[in-house]
Amino acid sequence: MPWFRNFIQLSTTFSKQSPSPSPRRAAAIFVSRSPSLTQLLRHFSSGSHEKYPGLGPTKGDEKPRVVVLGSGWAGCRLIKDIDTKIYDVVCVSPRNHMVFTPLLASTCVGTLEFRSVAEPIGRIQPAISREPGSYFFLANCTGVDFQNHQVHCQTVTEGVETLDPWNFKVSYDKLVIASGAQASTFGIRGANEHATFLREVHHAQEIRRKLLLNLMLSDVPGITDEEKHRLLHCVVVGGGPTGVEFSGELSDFIQKDVHQRYAHVKDYIRVTLVEANEILSSFDDRLRKYAIKQLIKSGVRLVRGIVKDVQADKIILSDDTEIPYGVLVWSTGVGPSPFVNSLEIPKAPGGRIGIDEWQRVPSVQDVFAIGDCSGFLESTGRPVLPALAQVAERQGKYIAKLLNRLGKAGGGRADAAKELDFGSPFVYRHLGSMATIGRYKALVDLRQSKEGKGLSLAGFISWFIWRSAYLTRVVSWRNRFYVAINWLTTFVFGRDISRI
């Protein structure tokens, strides 16, 4: 444990009681014992000599470098399992944590706190914080020079008075693109400007703040009934697991917390779920009918329609039906990001990065792609896998084992694995799907495919399985403790409705 290790180090330091060295000798000791400083001096060039300072190619006395683009399910599983005795690891991502997305909807209404679903990269792979050649860079990848084995990056900065972003390069021996995908709006006008997507912690924070603000504003004198109805109307577009789970959490929040703490406006708040086809289309038909019945019973209004326009205060369906809203959550699937679209490499159906059976990008050397940004090329004869967390995690685990095996065989360096055997190709087996629908009820579908046979459950037992399964899947014991305590606190005292 980190606290125990720090305690031992502190005790050892005090027990030695060595005399204080002179300032000059102390400086010499610092330089000689600081591998990170030595590594920085070795790798990072000064800005006065190059336009793009960064990490240069690895040398013979250094470990091969694996560069991972992204900190999602696929990238973090790879970072966790990679052998840091063989490789140096560099992670480039605009966020310094992994988001446990199955529980993200619970944070929007205060069932869980935001830190419970965010796992820092340094905890997933401690070598990134300790090893001299391993780093985490808070940056976006803007391009890849496949011929010279370099990625081009730009730092992420925010705030009013802050540094201007700057560019730098990182050389790699092996590159793993795990940059994920972006929310798909299907080109619908106004969706990007007015809707909130539920994919990141800051999205959940925005939803929570907006929801609580509308509740408080609706209680202030001078507001009309019509405006109250609009402000307290939460519209969810997309009937997949994320949209259904958020709708269920929101209906629970309304019935258990809003009715008690916002009694003056409790009759105005409502939830509408808009879906073009069938909700939870990947689930068993019996489970879908059960979910529809329970959502309607919880007060969720189901609307079948296609959104054609999104405005600041309403959405317009294809039949010209207008639905006013105060909070609009968009959950209609994902598509390739601008970064993926910019890469001049063969693409799989849907615009994803094309890969072969070993997750390699066949047209370039030493490059792999995993997660939502990748898909099998048509030449492989395999279908593109769904954009699910379990798919991404399984791919990350597979690539970590593959790279570890290549490294032990001497193929960790750039262009050194051409003649090596890559072993068995990646095979994905679906473990099933789960979704909570509120009111202590959930769906568990353990079939390997929609047409296959398997166990399907619904109700309280499924809800218990859902919670137990995700509690064990949370990355660290620290966050498991947070989640368990949050669930217990919510059960005893209700949800936190503070707007911070």
Does [atom1] in [X] sit with more than 12 non-hydrogen atoms of other residues, nucleotides or ligands closer than 6.0 Å?
| X | atom1 | value |
| --- | --- | --- |
| Ile461 | CD1 | no |
| Glu193 | CD | yes |
| Lys256 | NZ | yes |
| Arg405 | CZ | yes |
| Gln205 | CD | yes |
| Phe186 | CZ | yes |
| Lys347 | NZ | yes |

Between [X] and [Y], which heavy-atom pair has the shortest distance, and what is it?
| X | Y | result |
| --- | --- | --- |
| Cys373 | Ile177 | SG-O, 3.5 Å |
| Ala416 | Gly410 | CB-O, 3.9 Å |
| Ser247 | Val300 | O-CG2, 4.1 Å |
| Ile128 | Cys91 | CD1-CB, 4.3 Å |
| Ala191 | Val310 | N-CB, 3.9 Å |
| Gly371 | Ala392 | CA-CB, 3.9 Å |

Non-hydrogen side-chain atoms of [X] and [Y] separated by less than 4.5 Å:
| X | Y | result |
| --- | --- | --- |
| Leu78 | Leu403 | yes |
| Ile207 | Phe246 | yes |
| Lys169 | Asp145 | no |
| Tyr290 | Ile437 | yes |
| Phe146 | Val361 | no |
| Lys408 | Ile86 | yes |
| Leu280 | Leu287 | no |
| Gln359 | Phe376 | yes |

Can you tell me how far [atom2] of [Y] sits from [atom1] of [X], rounded to the nearest 0.5 angstrom?
| X | Y | atom1 | atom2 | result |
| --- | --- | --- | --- | --- |
| Ser462 | Phe464 | OG | CZ | 12.0 Å |
| Ile79 | Phe136 | CD1 | CZ | 8.5 Å |
| Ile355 | Gln395 | CD1 | CD | 5.5 Å |
| Thr490 | Asp257 | OG1 | CG | 8.0 Å |
| Ser251 | Ile269 | OG | CD1 | 10.5 Å |
| Gln154 | Cys141 | CD | SG | 11.0 Å |

Which pairs, with at least one residue in [range] and sequence neighbours excluded, count as a salt bridge (charged side-chain N to carboxylate O under 4.0 Å, His left out)?
| range | result |
| --- | --- |
| residues 471-484 | Glu393-Arg473 |
| residues 292-311 | Arg189-Asp309, Glu278-Arg304, Lys308-Asp320 |
| residues 359-368 | Lys174-Asp366, Asp356-Arg360 |
| residues 91-101 | Arg95-Glu200 |

### Residue of the set Leu455, Asp445, Leu443 for which side chain to side chain contact (heavy atoms under 4.5 Å, CB included) holds with Asp284
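Only match with Asp284 under side chain to side chain contact (heavy atoms under 4.5 Å, CB included): Asp445.
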### Query
After noting the C-alpha distance and the side-chain angles of Thr436 and Arg467, does the key distance pass the side chain to side chain donor-acceptor pair (under 3.5 Å) rule?
CA-CA 9 Å; Thr436 178; Arg467 282 210 165 180; over 6 Å; no
Between the main-chain N or O of [Y] and the side-chain N or O of [X], is there a donor-acceptor pair closer than 3.5 Å?
| X | Y | answer |
| --- | --- | --- |
| Arg286 | Ser456 | yes |
| Ser342 | Phe339 | yes |
| Asp83 | Lys85 | yes |
| Asp173 | Arg65 | yes |
| Thr332 | Ser184 | yes |
| Ser179 | Leu69 | no |
| Lys63 | Thr84 | yes |

### Message
Between Leu138 and Thr155, is the side-chain contact (heavy atoms from CB on, under 4.5 Å) condition met? List the steps.
### Response
CA-CA 6 Å; Leu138 190 70; Thr155 57; over 6 Å; no
### Task
Give the ring-plane orientation class for Phe422 versus Phe368, where under 30° counts as parallel, over 60° as perpendicular and anything between as tilted.
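Correct class here is tilted.
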### Query
What orientation do Tyr440 and Trp463 show, parallel under 30°, tilted 30 to 60°, or perpendicular over 60°?
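Tyr440 vs Trp463 ring planes: perpendicular.
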### Task
Find out whether the Lys NZ or Arg CZ of Arg115 is both under 6.0 angstrom from the six-membered ring centre of Tyr482 and within 45° of the ring's axis.
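Output yes; distance and angle both within limits.
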### Message
Could you go through Arg77 and Ile370, starting from their C-alpha distance and side-chain angles, then the distance that decides it, and tell me whether this counts as side-chain contact (heavy atoms from CB on, under 4.5 Å)?
### Response
CA-CA 11 Å; Arg77 184 55 194 256; Ile370 54 178; over 6 Å; no
### Query
Run the ring-ring contact (aromatic ring centres under 6.0 Å, His included) check on Tyr325 and His233 step by step: do they pass?
CA-CA 5 Å; Tyr325 68 85; His233 189 195; 8.3 Å; no
#### Entry: Residues Asp496, Arg208: salt bridge by 4.0 Å N-O rule
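Yes, Asp496 and Arg208 are salt-bridged.
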### Task
Can you sort out the partners of Ser106 under side chain to side chain contact (heavy atoms under 4.5 Å, CB included), two or more places apart, ordered by chain and number?
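Only Thr111, Leu112, Glu249 meet the side chain to side chain contact (heavy atoms under 4.5 Å, CB included) criterion with Ser106.
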### Message
Quick check: Trp466 with Tyr470 (ring centres under 6.0 Å apart)?
### Response
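That pair passes the under 6.0 Å test.
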### Task
Decide yes or no on side-chain contact (heavy atoms from CB on, under 4.5 Å) for Thr185 and Phe197, but give the supporting numbers first.
CA-CA 10 Å; Thr185 62; Phe197 307 101; 3.8 Å; yes
### Message
Hydrogens and angles aside, do Arg199 and Thr242 bring a side-chain donor and acceptor to less than 3.5 Å of each other?
### Response
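Side-chain D/A pair, Arg199 to Thr242: absent.
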### Sequence-distant partners of Asp252, side chain to side chain donor-acceptor pair (under 3.5 Å), two or more places apart
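Asp252 satisfies side chain to side chain donor-acceptor pair (under 3.5 Å) with no residue once adjacent residues are dropped.
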### Task
Evaluate the side-chain contact (heavy atoms from CB on, under 4.5 Å) criterion for residues Val144 and Val367: first the C-alpha distance (whole Å), next the side-chain angles of each, then the deciding distance (0.1 Å), finally the verdict.
CA-CA 10 Å; Val144 182; Val367 179; 5.8 Å; no
